[in-house]
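A quick note: this is a predicted structure, and the numbers were derived from the prediction, not measured. In listed order, ligands and their atoms are each counted from 1. For the numbers below, each heavy atom of this structure counts, side chains included, while hydrogens, waters and symmetry mates do not.
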Amino acid sequence: MSRTGHLRNLFSTTYGTAPTLAVRAPGRVNLIGEHTDYNDGFCLPMAIERDVRVAIRPRTDKTVRVVSLEQHGVVTFELSAAIPKATDKAQHWADYVKGCAQILVESGESLVGADLALTGDVPLGSGLSSSAALEVAIIHALLTAAGRSLPGAQIARLGQRAENKYVGTNCGILDQLSSACGVLGSVMLMDCRTLELTPAPLPAGVSVVIADTGKRRGLVDSAYNERRAGCEAGAKALGVSHLRDASLHGLWDAERKGTLSPLARQRCEHVVAENGRTIAAFACLTAGDAVALGQLMDQSHNDLRDKFAVTCAELDDLVTIARALPGCLGSRMTGAGFGGCTVSLVRDESVQAFVAALVPAYRAKHNLPIVVDVTRPAAGAGALNLA
Ligand code: GLA
């Protein structure tokens, strides 16, 4: 049975009636432009074929009930009740759902209650934005139940706010905007200052291969928030609002003058260089130059490892193995880091052999369940056909 079929069944067995509407929101993979979004910089993501699906039946009261195919229990709450902020330790899946509902209520949306059933196949904590997919899907679902809709960028901002406020990660806009506004068949240059998205197709003859190290690290208890604070302090020391407006020269100057510590300079240097690499990578896309794009991806990983320090042995080893395989043009970590996935650009004719060689070579080093996906750019969030 299809995933949507299982979702329909779950809805009917839980609520004793059929859903009337459905929506979906995808995960994302970022080709380059990592830890740049909260610095008002640039990213180059695409939505992926894995997603969160929600079946909906609007109610006439203010009660929301949610059930998930992958998690236990039915969660019930009232749209009118204030929802307490989730603590760092209590990250229940329903915190995301309640947080999204609360953000919508706070933003003045008049919602109706709804019975919801959801299913997702974006692996949790893998750097493919499972939480953003859930947030964007839930916001779409609650708006849809009330017969409302909002532009994608606004939905993304609401999802980000829910994550910042109710789940505890001080994330940027990359994940939610990719999920809300993905373009079928295209990678998008994302300007995180203006939220402008410029799509471009992948160069002909290459595939995007995502490999999950199997190493999990929650964002909340990771060094993510600390890295972000470091970037903000760096921008302040340089007298700019965000590192987007800083130059490498300015960073070195500040270090010489003693306003930036050597470590802070190194961290900020990654961000400034990564913004440049991301713009260059987009130019490679439009020129169809997959080889140069791959080289930029390699450089990105090296800086994330050596200067920004957000990789780990599993990510570094997987990248090293991938780069040595025939047909691999570039390989890097994707997402926040500290575990999760790598993304590699691989020539089409080599993809099968690449996957076949990558898995055992990684397993020989790390006893973790590596999962490999060859993926194409998928459409952003929207209605889902229940049939
Ligand atoms: C996580 C965050 C994003 C972004 C990336 C790193 O995915 O949610 O906002 O900062 O890490 O690029």
Side-chain angles (χ1 to χ4, degrees), residues 25-48 50 91 96 99 122-136 153 156-182 187-193 195 197 210 212 216-232 235 242-244 267-268 270-275 277-278 281 296-297 300-301 303-305 307-312 315 332-343:
R28 64 100 189 90
V29 67
N30 192 21
L31 291 194
I32 193 166
E34 219 65 84
H35 288 275
T36 48
D37 63 346
Y38 53 79
N39 291 297
D40 257 12
F42 298 92
C43 310
L44 199 62
M46 59 186 232
I48 58 174
R50 291 178 178 271
Q91 263 202 77
Y96 290 89
V122 189
L124 305 183
S126 65
L128 300 178
S129 299
S130 55
S131 56
L134 177 57
E135 288 149 7
V136 171
R157 276 283 184 230
L158 292 166
Q160 181 197 18
R161 215 174 298 155
E163 177 92 34
N164 293 166
K165 197 163 169 194
Y166 290 101
V167 192
T169 305
N170 210 5
C171 68
I173 195 68
L174 164 65
D175 307 346
Q176 290 82 4
L177 192 57
S178 307
S179 178
C181 299
V187 176
M188 302 166 287
L189 179 67
M190 181 181 285
D191 181 334
C192 299
R193 174 163 280 171
L195 302 195
L197 295 168
I210 299 172
D212 188 344
R216 292 286 170 268
R217 181 95 194 243
L219 278 184
V220 176
D221 51 40
S222 75
Y224 182 90
N225 289 346
E226 187 245 318
R227 288 292 184 287
R228 178 171 181 159
C231 290
E232 284 163 2
H242 292 85
L243 287 181
R244 150 90 169 251
R267 298 270 195 266
C268 295
H270 159 72
V271 175
V272 173
E274 184 82 348
N275 277 331
R277 280 191 289 264
T278 305
L296 289 164
M297 291 170 68
S300 165
H301 183 87
D303 260 10
L304 287 158
R305 180 190 61 209
K307 293 185 178 155
F308 211 66
V310 291
T311 66
C312 58
L315 284 168
R332 59 181 291 277
M333 57 152 271
T334 188
F338 313 106
C341 290
T342 64
V343 58

What atoms of ligand 1 come closer than 4.0 angstrom to any heavy atom of [X]?
| X | value |
| --- | --- |
| G335 | 6 (C), 11 (O) |
| Y38 | 10 (O) |
| D175 | 1 (C), 2 (C), 3 (C), 7 (O), 8 (O) |
| C171 | 2 (C), 8 (O), 9 (O) |
| D37 | 3 (C), 4 (C), 9 (O), 10 (O) |

Backbone or side chain, does any N or O of [X] fall under 3.5 Å from an N or O of ligand 1?
| X | result |
| --- | --- |
| G172 | yes |
| E34 | yes |
| T36 | no |

Where the side chain of D37 meets the backbone of L174, is there a donor-acceptor pair that is under 3.5 Å apart?
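At least one qualifying donor-acceptor pair exists.
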Donor-acceptor contact present, side-chain S126 to main-chain G340, <3.5 Å
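No, because the side chain of S126 does not come within donor-acceptor range (under 3.5 Å) of the backbone of G340.
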Parallel, tilted or perpendicular: which describes the rings of Y38 and Y224, with under 30° parallel and over 60° perpendicular?
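The rings of Y38 and Y224 stand perpendicular, inter-plane angle above 60°.
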Any residue meeting side chain to side chain donor-acceptor pair (under 3.5 Å) with E34, in chain and number order, not counting sequence neighbours:
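So E34 forms a side chain to side chain donor-acceptor pair (under 3.5 Å) with N30, R332.
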Can you check side chain to side chain contact (heavy atoms under 4.5 Å, CB included) on C171 and Q176, steps first, answer last?
CA-CA 10 Å; C171 68; Q176 290 82 4; 3.9 Å; yes
How close do L195 and A153 get, counting heavy atoms only, and between which atoms?
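Closest approach of L195 to A153: CD1-CB, 4.2 Å.
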Those residues that, when tested against H301, pass ring-ring contact (aromatic ring centres under 6.0 Å, His included) (two or more places apart)
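Partners of H301 under the ring-ring contact (aromatic ring centres under 6.0 Å, His included) test: none.
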Below a 4.0 angstrom heavy-atom separation, can you tell me which part of R28, side chain or backbone, both or neither, approaches ligand 1?
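The answer is the side chain.
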